[in-house]
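Reviewing the structure listed below.
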2 protein chains.
Amino acid sequence: MVKKISKKTIERALLYIRTLEGLVKSNRYLVSSGELAKMTGFSDVQIRKDISKFGKVGTPRIGYKTIELRDILEGFVLQQDSVYAALFGVGNLGSAILKYPGFHKGRIKIIAAFDKDLKKIGKKINDVNIYSIDKAPKIIKRTKIEIGIIAVPKEFSQEVADIVVLSGLKGIVNFSPMSIVVPKNIVVRDIDFTIEFLSLFCDIQR
Amino acid sequence: MVKKISKKTIERALLYIRTLEGLVKSNRYLVSSGELAKMTGFSDVQIRKDISKFGKVGTPRIGYKTIELRDILEGFVLQQDSVYAALFGVGNLGSAILKYPGFHKGRIKIIAAFDKDLKKIGKKINDVNIYSIDKAPKIIKRTKIEIGIIAVPKEFSQEVADIVVLSGLKGIVNFSPMSIVVPKNIVVRDIDFTIEFLSLFCDIQR
DNA sequence: GTATGTGAAGTAATTCACAGCT
DNA sequence: AGCTGTGAATTACTTCACATAC
């Protein structure tokens with residue numbers, strides 16, 4: 001019943017969860033794979049295949065119960081209520097991340113921020129303290145933080161990545177437009193706006 | 001010689017270009033697929049396979065000329081010098097995008113911003129004018145803008161998507177944590193921070 | 001000897017086609 | 001009839017193994 005679940009399926013499952021949360025909020029009780037397909041852009045077969053990896057949960061002729069499906073997907077995909085993160089670099093983007101409303105109300109909690117600008121250190125944004133970056137390993141080790149967010153200029157991204165590693169974190173979201181080199185037991189997600197835009201542009205051209 | 005180039009190859013090519021630009025800047029003349037592999041995290045075979053889609057450009061025993069390879073990849077992947085975009089929603093994230101240094105100096109030019117907050121309309125951020133959002137179709141049609149960036153709260157993302165479509169744009173980068181429904185000739189790239197974080201977290205757990 | 005380039009083999013992901021349920 | 005669930009077929013992607021070039 002519980003088969004090996006691929007990364008792609010998990011990524012789509014997170015989107016199904018997001019969509020189901022919207023449906024639950026608007027009091028929808030049932031939804032079909034076809035409707036989810038229209039809402040998410042994936043094919044209906046793909047969605048059924050994905051969901052079937054988590055067990056038989058739908059009813060033929062009827063569809064899926066929104067609440068039940070959401071809970072099942074969440075149960076498999078997210079074992080914790082909250083994911084704790086630390087932000088490195090409180091510039092324009094870093095500040096926007098600290099204020100990001102999706103985090104504020106959701107599962108992802110940023111509980112410490114680091115910068116090297118003395119004007120910022122000691123301040124707070126959205127209730128998150130900003131500390132000196134060289135205190136990061138010490139401070140982080142006292143917390144449950146698991147993820148580091150790198151939002152510093154690209155000249156500094158590697159040295160900050162090294163600090164993240166020293167701090168014992170297991171995952172990095174790297175917003176800097178530069179690849180970082182880390183031990184391979186540490187998982188990295190790169191979000192490079194320029195590359196996202198250019199790859200979209202390539203898709204448009206063809 | 002020029003074979004069908006897959007989306008995945010193009011996405012990696014953009015990363016190779018980014019890496020090569022760094023090498024060129026630091027005056028590196030040659031680079032091997034193995035070195036690129038270490039720098040980007042892909043395998044060396046993968047990199048050679050990708051590059052071979054663009055022709056025979058390397059020299060056995062020597063490697064690739066950084067400048068030449070960059071130019072070849074750029075030539076195939078990006079036919080224009082600049083990509084023009086419009087931003088919708090000048091909140092925390094939107095402002096950070098307007099100030100994003102990678103855009104300022106690079107190929108992506110945001111040349112108009114739209115918001116419905118009267119306090120923002122008429123102002124400028126980083127030399128970009130902020131207009132009333134309902135003037136968007138008219139203003140955009142006078143420009144070469146091809147891409148719309150949605151950075152509004154999720155309650156409004158669909159109505160803004162509709163305006164983007166009305167404006168005749170062909171691509172959307174959607175930063176709002178909600179799927180938008182658009183005609184299928186319009187290409188959408190979703191960047192949902194929450195989903196990126198959660199999917200990283202799933203990877204860490206396994 | 002060392003690095004590129006590539007056909008062939010092997011994996012993974014998607015779509016098809018249809019059985020089964022209510 | 002209408003929707004889920006899934007083996008089978010297809011397609012796409014990656015890795016292997018080695019020929020080729022200097």
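Chain naming here is simple, since letters A, B, ... match the order of the sequence lines and numbering starts at 1 in each.
A donor-acceptor pair is defined here as one N or O able to donate and one able to accept, closer than 3.5 Å; no such pair exists between the side chain of B:Asp44 and the backbone of B:Ala37. B:Lys8 places no side-chain N or O within donor-acceptor distance of the main-chain N or O of B:Ile5, the cut-off being under 3.5 Å. Formation of a donor-acceptor pair under 3.5 Å by the A:Arg107 side chain with backbone atoms of A:Asp81 is found in this model.
For B:Ser199, the side-chain contact (heavy atoms from CB on, under 4.5 Å) test picks out A:Glu11, A:Leu14, A:Arg189, with sequence neighbours left out. With sequence neighbours left out, the side chain to side chain donor-acceptor pair (under 3.5 Å) criterion links A:Arg61 to no other residue. Listed by chain and number, the residues in a side-chain contact (heavy atoms from CB on, under 4.5 Å) with A:Thr40 are A:Tyr16, A:Thr19, A:Phe42, A:Ile47 (sequence neighbours excluded).
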Under 3.5 Å, N/O pairs linking protein and nucleotides 13-16 of chain D:
from: D:dT14; atom 1: OP1; to: B:Arg12; atom 2: NH1; distance (Å): 3.2
from: D:dT14; atom 1: OP2; to: B:Arg12; atom 2: NH1; distance (Å): 3.2
from: D:dT14; atom 1: OP2; to: B:Arg12; atom 2: NH2; distance (Å): 3.0
from: D:dT14; atom 1: OP2; to: B:Gln46; atom 2: NE2; distance (Å): 3.2
from: D:dT15; atom 1: O4; to: B:Lys49; atom 2: NZ; distance (Å): 2.9

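If you measure from atom CG of A:Leu36 to atom P of D:dC3, you get 13 Å, rounded to the nearest angstrom. Rounded to an integer number of Å, the gap from CG of B:Leu30 to C1' of D:dC22 is 14 Å. Rounded to an integer number of Å, the gap from CD1 of B:Ile47 to P of C:dA3 is 14 Å. Atoms CD (A:Glu35) and C1' (D:dG2) sit 13 Å apart, rounded to a whole Å. Nucleotide C:dA19 holds its P atom 15 Å from the CZ atom of A:Arg48, rounded to whole Å. The distance from atom NZ of A:Lys56 to atom C1' of C:dC21 is 10 Å, rounded to the nearest whole Å. Residue B:Asp44 contributes atom CG, which lies 15 Å from atom P of C:dT2 at whole-angstrom precision.
The stretch residues 58-71 of chain A touches DNA chain C through A:Pro60, A:Arg61, each having a heavy atom under 4.0 angstrom from the strand.
For the pair B:Ser33 and C:dA3, the criterion of a side-chain N or O lying under 4.0 Å from OP1 or OP2 is not met.
The ring of B:Phe193 has its center closer than 6.0 angstrom to the ring center of A:Phe175.
For the pair A:Val83 and A:Lys109, the minimum side-chain heavy-atom distance is 4.5 Å or more.
Sorted by first and then second residue, the salt bridge (Lys or Arg N to Asp or Glu O under 4.0 Å) pairs involving residues 158-168 of chain B (not counting sequence neighbours) form an empty list.
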